[in-house]
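Here the structure is laid out as structure tokens; the discussion comes afterwards.
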Amino acid sequence: MSQEAYFDAAAAAPWHPVARQALLAALDDGWADPAKLYAAARRAAQLLDAAREAVAATLRVRADEVSFTSSGTTAAHAAVLGGLAGRAGAGATLVHSAVEHSAVLHAAGRHAAGGGAAVPVAVDRVGRIDLDAWRAAVTGPDVALAALLSASHEVGTVQPVAPAAAACAAAGVPLFVDAAQSVGRIPVPAGWSILSASAHKWGGPPGVGVLVVRKGTRWSSPYPPDEREMGRAPGAPGLPAIVAAAAALRAAEDEAAAQAARLAPLVDRIRATIAARVPDVEVVGDPVDRLPHLVTFSCLYVDGEALLHELDRRGFAVSSGSSCTSSTLRPSHVLEAMGVLSHGNVRVSLHRETTEDQVDRFLAELPDVVATLRAEAGMPR
Amino acid sequence: MTVPDQVLDCRGQRCPLPVIALAKHLPHLPVGAVLRVLADDPAAANDIAAWCRMREQELLGPTQPHVHDVLRRH
């Protein structure tokens, strides 16, 4: 039985070797409270400062604009709720794409439940926002904040952040970009006022997120007061993990172009082969203007949960946007917003340890898996 | 209000069963006939619409929740 081929980097990438080393090295000095005056605290503070500087340098921002949070999800929550709170005087409306990560949508829902408004902007068949609709939405009355992810975690489509940001700037509306799938992989476009990212997407540890608030952006903490992390993330920062996250980001950034060049053709191969060898399949998302490492496809007449189980049995770890695989039993809001088939859905996301052989084995076995499940459902082919 | 030629009651069935039922039954109706699928799975509306697009069949305008009328075009 072969080793499991892990194809779910979009959820969490395996440890970058540099991250593991940095984590272990940070244990000795990374336990004390960095805010205190004594020697142990100063050593911890040095680690935290160095991690912050490294992340700031990679993102081309100032160190004091960077806060470490407990996850990409809490970074996104704080970005939305803090951005809205900071601009409460200007309005109570959040404009967001219809395909944001669920963390952003849940924050929007919290805002709406509290009396605010959240306006979704529709996307086209490949999941890209309608720029005319975006411009109309952000120039509406009462808009406090806009949110647009840099690239879709579900289908890979890259969003037009630069023109969307220009529209926001012209309207005087700050833009929050959830850059979780871009940081450490592809360049993050300029023009945002608030940014969030997630360390385990780039091979850092779980439990570390990044929130960046540019100087001059009105942002007001949605939490009870806490001085740590510039008042943007309460509680003791998870220091050894943060050190590991910063080291992994630097390494991922150094390798990003090479990894993209290596993985993009593998994804091209997956897209083409699935479309050619699996009948009645929808391979979704922009085939060209997309993340290099990710592809999603939906197979007609196939139960998504059964598909994941069979692929797992054969040693492939993938995820799915099908409703039967979700704890909420709702289909992926991203696939729904795009109007593409949601059942029988598989998301494949590759990483630095993915080999061509693993991809070839997946492509050799998948058509048979789909055919078998269809036959069991009484569908031809 | 459309009067369908056949009604498939797929309420309580999880995806992809309603779409499979649609795909199995529509070919047995004449071109121009309307097949009504009753389906309450949360993905049904989206996936029946996607099937119609993929198969170039026509999904008739929204009637009531959980009611999906497909007209056989070819």
Honestly, the part of B/A43 sitting under 4.5 Å from a heavy atom of chain A is both

Q.
When you compare the side chain of A/R314 with that of A/D368, does any pair of heavy atoms fall below 4.5 Å?
A. yes

The side chain to side chain contact (heavy atoms under 4.5 Å, CB included) partners of A/D268 (sequence neighbours excluded) come to A/R290

Is the shortest distance from a Lys or Arg side-chain nitrogen in B/D41 or B/R11 to a carboxylate oxygen in the other one below 4.0 Å? no

Q. Do NZ/NE/NH1/NH2 and the carboxylate oxygens of A/E336 and A/R330 come within less than 4.0 Å?
A. yes

Sequence neighbours excluded, the answer for ring-ring contact (aromatic ring centres under 6.0 Å, His included) partners of A/F7 is A/F362

Would B/D5 and B/R36 pass as an ion pair if we require N to O under 4.0 Å? no

Bottom line for A/L300: the part with an atom under 4.5 Å from chain B's heavy atoms is side chain

The interface call for A/E282 against chain B, heavy-atom contacts under 4.5 Å, is both

For residues 12-20 of chain B against chain A, heavy atoms under 4.5 Å, the residues are B/R14, B/C15, B/P16, B/V19, B/I20

Hits for salt bridge (Lys or Arg N to Asp or Glu O under 4.0 Å) against A/D360, two or more places apart or cross-chain, chain-then-number order -> A/R269

